[in-house]
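Read the structure below first, then the notes.
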Amino acid sequence: MQTTVINIKGMTCMGCVSSIKTVLEKIPGVSHAEVSLEDAQVTIEFDESCTGIDHFKHTIEDAGFEVIT
């Protein structure tokens with residue numbers, strides 16, 4: 001298992017947190033996504049043989065948020 005942290009812009013409430021967590025945890029290979037509204041980031045635990053960071057970034061952006069690199 002691998003862990004990565006992605007910074008996110010545009011989250012304003014716990015609904016945003018829930019939306020991001022839900023879409024990320026639907027990705028095959030993701031075991032857990034912990035979203036922090038206060039820190040404006042998500043920590044993702046995943047199987048790197050199934051998915052990767054680019055997929056997470058596109059999923060977050062498709063959900064209406066901005067990934068900060």
Point-to-point distance, once rounded to the nearest 0.5 Å, from [atom1] of [X] to [atom2] of [Y]:
| X | Y | atom1 | atom2 | result |
| --- | --- | --- | --- | --- |
| Lys9 | Phe65 | NZ | CZ | 13.5 Å |
| Ser36 | Met11 | OG | CE | 6.5 Å |
| Thr3 | Glu34 | OG1 | CD | 12.0 Å |
| Ile6 | Ile44 | CD1 | CD1 | 4.0 Å |

Shared hydrophobic cluster, Ile53 / Val42 (ILVMFWY, side-chain heavy atoms < 4.5 Å)
yes

Checklist entry - With the 4.5 Å side-chain cut-off for hydrophobic clustering, are Ile60 and Val5 part of the same group? => result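 In one cluster: no.
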
If I compare all heavy atoms of [X] with all of [Y], which pair ends up nearest, and what's the gap?
| X | Y | answer |
| --- | --- | --- |
| Leu24 | Ala33 | CB-CB, 4.1 Å |
| Ile68 | Ile8 | CD1-C, 4.0 Å |
| Pro28 | Cys50 | O-CB, 3.9 Å |
| Gly10 | Cys16 | O-SG, 4.3 Å |
| Val23 | Ala63 | CG2-CB, 4.4 Å |

- request: With side chain to side chain contact (heavy atoms under 4.5 Å, CB included) as the test, would you mind laying out the steps for Phe56 and Val30 before giving the verdict?
  value: CA-CA 10 Å; Phe56 306 146; Val30 173; 3.5 Å; yes

- Item | Crowding at CE, Met14 (>12 non-hydrogen neighbours, <6.0 Å) | no

> Do the side chain of Asp47 and the main chain of Ser49 share a donor and acceptor less than 3.5 angstrom apart?
Replying inline: yes

Is it true that a side-chain atom of Thr59 and a backbone atom of His55 form a donor plus acceptor pair closer than 3.5 Å? yes

task = May I ask you to decide whether Lys21 forms a salt bridge with Glu25, counting only side-chain N to carboxylate O separations under 4.0 Å?
result = yes

